[in-house]
Amino acid sequence: MIAIIDYDAGNLKSVSKALEWLGEEAVITRDDQAILSADRVVLPGVGSFGAAMEQLKKYGLDRTIREAVQRQIPFLGICLGLQLLFEGSEESGGVEGLGILKGRILKIPEADGLKIPHIGWNALTLQHQGRLFEGIADQAFVYFVHSYYLQAEEDQIVKAKTEYGVQIHASVECGQVFACQFHPEKSSSVGLAILKNFAAV
């Protein structure tokens, strides 16, 4: 069973439907026992960093997430869910993230011809043999919706990058923790293959 963490941050149904299409049992929940007894855990999310951290703390899910990671339950952060795994974000100064991974979330810089938020399909440059990308070709396209991007402290954990006026760390993997800035559930066959790889971890 795959637990999808519900902290009122949206994007739950599309993730659930994609996993169910792959034949996985997916449960949307904020119950800590359900999350900690799951085979895998997904943290989706859209919205602001500060508000999301407030919601996680309100439901005690920050502690549950840290425990799930400590227990080495395979864990996948998606979009805002990726950002929350890190130490903090320029979007919400002074708000600490979960701090499970090291790095900062920065605002995509303004540039001529670039619209922010970044909405659309971008090619991934793959590196370091990420398990989420097994069987996926370099330069495969995935779907992004974001105004802030990850700059991970350690390049070794970065498994995919993309360019949008700046180099974006698009996917990371560290132990049993995986995360994608893009939306695999909205990325057609490539995204479904990524979710299938996560379900097989």
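- The OH atom of Tyr164 sits 5.5 Å away from atom NE2 of His118, with the distance rounded to the nearest 0.5 Å.
- Taking a 6.0 Å sphere around CD of Glu163, one finds it holds more than 12 heavy atoms contributed by other residues, nucleotides or ligands.
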Query raised in the report: Can Gln151 and Gln167 be said to form a side chain to side chain donor-acceptor pair (under 3.5 Å), step by step?
Result: CA-CA 9 Å; Gln151 189 174 71; Gln167 188 178 81; over 6 Å; no
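- Taking a cutoff of 4.0 Å between a charged side-chain nitrogen and a carboxylate oxygen, Arg63 and Glu67 do not qualify as a salt bridge.
- When the shell of 6.0 Å around CD of Gln139 is examined, it contains more than 12 heavy atoms from other residues, nucleotides or ligands.
- Hydrophobic clustering (side-chain heavy atoms under 4.5 Å, transitive across Ile, Leu, Val, Met, Phe, Trp, Tyr) keeps Val41 apart from Leu195.
- Contact check for Ile136 versus Val190: side-chain heavy atoms found under the 4.5 Å cut-off.
- Here Phe198 contributes atom CZ and Glu134 contributes atom CD; the two are 15.0 Å apart, rounded to the nearest 0.5 Å.
- Contact check for Leu76 versus Leu132: side-chain heavy atoms found under the 4.5 Å cut-off.
- Here the side chains of Phe49 and Tyr148 are not in contact, with every heavy-atom distance at 4.5 Å or above.
- Looking at Ile65 and Leu98, their side chains come closer than 4.5 Å, going by heavy atoms from C-beta outward.
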Report task. Could you walk me through whether Arg40 and Gln176 pass the side chain to side chain donor-acceptor pair (under 3.5 Å) test, one step at a time? Result -> CA-CA 10 Å; Arg40 286 161 193 80; Gln176 293 290 74; over 6 Å; no
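- In terms of hydrophobic clustering, with Ile, Leu, Val, Met, Phe, Trp and Tyr side chains grouped at heavy-atom distances under 4.5 Å, Ile119 and Phe141 are assigned to a common cluster.
- Contact check on Arg30 versus Asp6 returns a salt bridge, with a Lys/Arg side-chain nitrogen under 4.0 Å from an Asp/Glu carboxylate oxygen.
- Hydrophobic clustering (ILVMFWY, side-chain heavy atoms < 4.5 Å, transitive): Val166 and Ile105 are in distinct clusters.
- For the residue pair His128/Asp155, the side-chain donor-acceptor check at 3.5 Å is satisfied.
- Among all heavy-atom pairs drawn from Pro44 and Tyr7, the shortest one is O-OH, 2.7 Å.
- In this structure the side chain of Val177 reaches within 4.5 angstrom of the side chain of Leu85, judged on heavy atoms.
- Atom CD of Glu90 has more than 12 neighbouring heavy atoms from other residues, nucleotides or ligands inside a 6.0 Å radius.
- With 3.5 Å as the limit, one finds a donor-acceptor pair spanning the side chains of Gln181 and Gln83.
- With a 4.5 Å cut-off on side-chain heavy atoms, Glu24 and Met1 do not count as touching.
- In terms of heavy-atom proximity, Ser92 sits nearest to Gly50 at OG-N, 2.8 Å.
- To the nearest 0.5 Å, the span separating NZ on Lys58 from CE on Met53 amounts to 14.5 Å.
- Side-chain atoms of Ser16 do not come within 3.5 Å of backbone N or O of Leu12 as any donor-acceptor pair.
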Query - side-chain contact (heavy atoms from CB on, under 4.5 Å) evaluation trace for Glu185 with Ile78 - result: CA-CA 9 Å; Glu185 78 283 3; Ile78 295 174; 3.8 Å; yes
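- Taken to the nearest 0.5 Å, the CH2 atom of Trp121 stands 8.0 Å off from the OH atom of Tyr143.
- The hydrophobic clustering, which links ILVMFWY residues whose side-chain heavy atoms are closer than 4.5 Å, places Leu80 and Leu101 together.
- Using a cut-off of 4.0 Å between Lys/Arg side-chain N and Asp/Glu carboxylate O, Glu87 and Lys102 are scored as not salt-bridged.
- Lys186 and Ser14 get closest at one heavy-atom pair: CE-OG, 4.2 Å.
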Requested in this report: Take Phe86 and Ile100 through the test side-chain contact (heavy atoms from CB on, under 4.5 Å) and record every step on the way to the result.
Outcome: CA-CA 6 Å; Phe86 287 84; Ile100 290 165; over 6 Å; no
Requested in this report: Any chance you could lay out the side-chain contact (heavy atoms from CB on, under 4.5 Å) test for Leu82 and Leu150, step after step, and finish with the verdict?
Outcome: CA-CA 8 Å; Leu82 167 141; Leu150 167 64; 3.9 Å; yes
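- Leu106 has its side chain within reach of Tyr149: a pair of non-hydrogen atoms, C-beta onward, lies under 4.5 Å apart.
- Proximity of Leu56 to Leu84: side-chain heavy atoms (C-beta onward) are separated by under 4.5 Å at one or more points.
- Side-chain contact of Asp8 with Gln55: a donor-acceptor pair under 3.5 Å is present, judged by distance alone.
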Query - side-chain contact (heavy atoms from CB on, under 4.5 Å) assessment of Val46 paired with Val145 - result: CA-CA 9 Å; Val46 292; Val145 183; over 6 Å; no
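- We find the OG-NZ distance between Ser171 and Lys159 to be 9.0 Å, quoted to the nearest 0.5 Å.
- Between Cys174 and Ile157 the shortest heavy-atom distance is CB-CG2, 4.1 Å.
- Atoms CG and CD1, on Leu61 and Ile5 in that order, are 6.0 Å from each other to the nearest 0.5 Å.
- A side-chain donor-acceptor contact under 3.5 Å links Thr162 to the backbone of Ala123.
- Phe144 and Val142 make their closest contact through CE1-CG2, 3.5 Å (heavy atoms, listed as atom of the first residue, atom of the second, distance).
- Of all non-hydrogen atoms in Phe182 and Ser187, the two that sit nearest each other are CD1-OG, 4.3 Å.
- Hydrophobic clustering places Ile35 together with Leu43 (ILVMFWY residues linked when any side-chain heavy atoms are closer than 4.5 Å, directly or through intermediates).
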